[in-house]
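Worksheet for the structure shown next.
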Amino acid sequence: MLGHLEFTRKILFRKPEFAKELDFLGSSPLHLAAANGHLEVVRTLLSVNPDMCFAHNLDGWNPLHIAVIKARVDVLKELVQNKPEAVLHRTTRGETILHLCVKYFQLEALKLLVETIKDYGFINSRDEDGSTVLHLAVADKEIEIISFLIMETETEVNAMNASGFTALDIALAQGRRNRKDIDVQDSLHQTRLRRKYRRRQNYRLGDRRNALMIVASLIATMAFQAGIRPPGGFWQEDLHEPTSKAHDAGRSIMADKFPAAYNKFVLHNSIAFLASLSVILLLISGLSFKWGFSMWILMGILWVAITESTFAYLISIYCLSSRTQRRAYVVTAAVLTVVMFGLLSFLLVGHSVRLIVGFRRRLVKPRDRRVL
């Protein structure tokens, strides 16, 4: 209780079992050291018997609960590092340590626990009345805790307590008697709108991923077919005369008649095939593509596949056309290439601008949170 570190060490050296002794209130030495904020004494006791983090006194509190109630954040951090499982222990009223943080207005302890124990179920735990920490924070009008919960955690805003009330229902039942009531209600309303918008954004991202998968699969199929069945077909029989017309059965006619064009065709077709396969592989890899930058990269790879497929198509048409048609074909192909590159450049600039705007909004977001 008095924080005499050296006495504590000497006694524990001779009688380590004293670390498990309880007083008439059911409190262990670790309870008392945590309550008084004696950090070094807490460390000494933990080195002897860290399992005392699980001991409950007659009020149903373990040392971590005591550290929260007494605002001993440093002690709490030490206890959590030694026995993080003790965080999940409840009081006799079914309250979690997060409920105690809200009940005793301990925002710093709440932040520490949420950042350490990143678990959706833990944050949305309920007491014996079915109330989450958000219910308690709204009932007590703790604006800072409400803002932290709804902005920094995955708190279920629409969760109902045992009486069937959501946090917003509690706020509305309190009326708008003062500025604090208005702030609480506005925060909950804005959170509902924000999460609804987030769900809509996720739905749109899902549609875009599906569209990318379909287009990439189509390009990969076309490139594969063009690779194993090049334009012009194959020679049907061998011809081994010592002339420039010699050829082997099954060999590409285009490769013999237009070797330079055939090499370019294979190059562009292979790039289109590999680019589309890359998009497919990334989409089925299980990686998360929730950000605009990730989708921008996938879109860029797909644009490469589309462009290379176009070049492969133009080369094929050139080789299949007659000599008299090739001059007109070259002019047409040049015009189409310019138009296509113009369209791709326009799309690239448009998507880049939207991406930059999204990043700027994300940078401004912390200020919006403080204002809220």
Side-chain angles (χ1 to χ4, degrees), residues 1-133 136-137 140 145 148-149 153:
M1 289 178 63
L2 299 177
H4 295 317
L5 179 60
E6 291 306 318
F7 283 159
T8 303
R9 286 174 175 169
K10 290 181 182 296
I11 293 171
L12 288 174
F13 178 75
R14 295 177 179 273
K15 293 286 186 179
E17 65 272 15
F18 277 7
K20 297 190 287 186
E21 292 292 330
L22 306 179
D23 63 11
F24 69 100
L25 295 176
S27 295
S28 68
L30 188 58
H31 281 88
L32 302 178
N36 290 282
H38 301 315
L39 181 59
E40 292 302 322
V41 176
V42 168
R43 287 173 176 163
T44 302
L45 291 167
L46 289 173
S47 67
V48 175
N49 194 336
D51 289 336
M52 291 309 295
C53 290
F54 301 111
H56 288 247
N57 60 16
L58 296 183
D59 292 320
W61 297 333
N62 65 23
L64 285 78
H65 298 152
I66 295 293
V68 166
I69 294 171
K70 296 296 185 178
R72 310 298 187 186
V73 179
D74 292 338
V75 172
L76 176 64
K77 186 175 182 180
E78 187 71 24
L79 294 171
V80 172
Q81 287 177 349
N82 276 269
K83 287 294 180 180
E85 304 90 351
V87 170
L88 304 178
H89 280 217
R90 294 174 178 261
T91 66
T92 53
R93 295 190 68 251
E95 298 169 318
T96 67
I97 195 170
L98 296 184
H99 287 88
L100 294 179
C101 289
V102 177
K103 189 174 179 180
Y104 291 92
F105 312 102
Q106 302 300 337
L107 178 59
E108 293 304 317
L110 179 67
K111 290 181 178 179
L112 171 64
L113 292 167
V114 169
E115 292 171 359
T116 304
I117 311 297
K118 299 177 180 179
D119 182 76
Y120 177 84
F122 176 61
I123 296 171
N124 291 285
S125 299
R126 302 167 184 267
D127 59 16
E128 63 181 12
D129 297 323
S131 297
T132 64
V133 289
L136 299 184
D140 292 335
I145 292 181
F148 171 73
L149 288 173
T153 70

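Fair warning: this is a prediction, and the values are worked out from it, not measured in the lab.
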Partner set under side chain to side chain donor-acceptor pair (under 3.5 Å) for [X], not counting sequence neighbours:
X	answer
Thr91	Glu95
Thr96	His99
Thr132	His135

* side chain to side chain contact (heavy atoms under 4.5 Å, CB included) partners for Thr92, two or more places apart ->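 Not a single residue meets the side chain to side chain contact (heavy atoms under 4.5 Å, CB included) criterion with Thr92.
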
* **side chain to side chain contact (heavy atoms under 4.5 Å, CB included) partners for Ile117, two or more places apart** =>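 Ile117 satisfies side chain to side chain contact (heavy atoms under 4.5 Å, CB included) with Pro84, Val87, Asp119, Phe122 only.
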
Distance, nearest 0.5 Å, that separates [atom1] of [X] from [atom2] of [Y]:
X	Y	atom1	atom2	result
Leu30	Leu22	CG	CG	11.0 Å
Leu112	Leu107	CG	CG	11.0 Å
Lys77	Leu64	NZ	CG	14.0 Å
Ile11	Arg14	CD1	CZ	10.0 Å
Leu136	Cys101	CG	SG	11.0 Å
Asn62	Ile97	CG	CD1	6.5 Å

Name every donor-acceptor pair, under 3.5 Å, that has one atom in a side chain of residues 34-47 and the other anywhere in the protein, sequence neighbours excluded.
from: Asn36; atom 1: ND2; to: Leu32; atom 2: O; distance (Å): 2.8
from: His38; atom 1: NE2; to: Met1; atom 2: O; distance (Å): 3.0
from: His38; atom 1: NE2; to: Gly3; atom 2: N; distance (Å): 3.3
from: Glu40; atom 1: OE2; to: Arg43; atom 2: NH1; distance (Å): 2.7
from: Arg43; atom 1: NE; to: Glu78; atom 2: OE1; distance (Å): 3.2
from: Thr44; atom 1: OG1; to: Glu40; atom 2: O; distance (Å): 2.9
from: Ser47; atom 1: OG; to: Thr44; atom 2: O; distance (Å): 2.5

For [X], which residues count as a salt bridge (charged side-chain N to carboxylate O under 4.0 Å, His left out) partner, sequence neighbours excluded?
X	result
Arg9	Glu6
Glu108	none
Lys70	none

When the side chains of residues 50-58 are checked against the rest of the protein, which donor-acceptor pairs come out under 3.5 Å, sequence neighbours left out?
from: Asp51; atom 1: OD1; to: Lys83; atom 2: NZ; distance (Å): 3.2
from: His56; atom 1: ND1; to: Gly60; atom 2: O; distance (Å): 2.9
from: His56; atom 1: NE2; to: His89; atom 2: ND1; distance (Å): 3.3
from: Asn57; atom 1: OD1; to: Asp59; atom 2: N; distance (Å): 3.0
from: Asn57; atom 1: OD1; to: Gly60; atom 2: N; distance (Å): 3.1
from: Asn57; atom 1: OD1; to: Trp61; atom 2: N; distance (Å): 3.0

Quick one, [X] and [Y] - any side-chain contact, counting heavy atoms below 4.5 Å?
X	Y	result
Leu98	Val102	no
Ile145	Val133	no
Asp129	Arg93	yes

* Qualifying ring pair (Phe, Tyr, Trp, His ring centres under 6.0 Å) pairs with a residue from residues 1-25, counting only residues at least two apart or across chains ->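 Listed by first then second residue: His4-Phe7.
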
* Which atom names give the shortest non-hydrogen contact between Val68 and Leu100, and what distance separates them? ->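 Scanning both residues, the minimum pair turns out to be CG1-C, 4.0 Å.
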
* **Minimum heavy-atom distance between Pro29 and Ala19, given as atom pair plus value** =>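 Where Pro29 meets Ala19 most closely, the heavy atoms are CD-O, 3.6 Å.
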
* **Residue pairs passing the side chain to side chain donor-acceptor pair (under 3.5 Å) test where at least one lies in residues 16-27, sequence neighbours excluded** =>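 Output for this query is empty, none listed.
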
* Asked: Are Lys103 and Asp140 within salt-bridge range, i.e. N to O under 4.0 Å?
  ->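 Judged by the 4.0 Å cut-off on N to carboxylate O distance, Lys103 and Asp140 do not form a salt bridge.
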
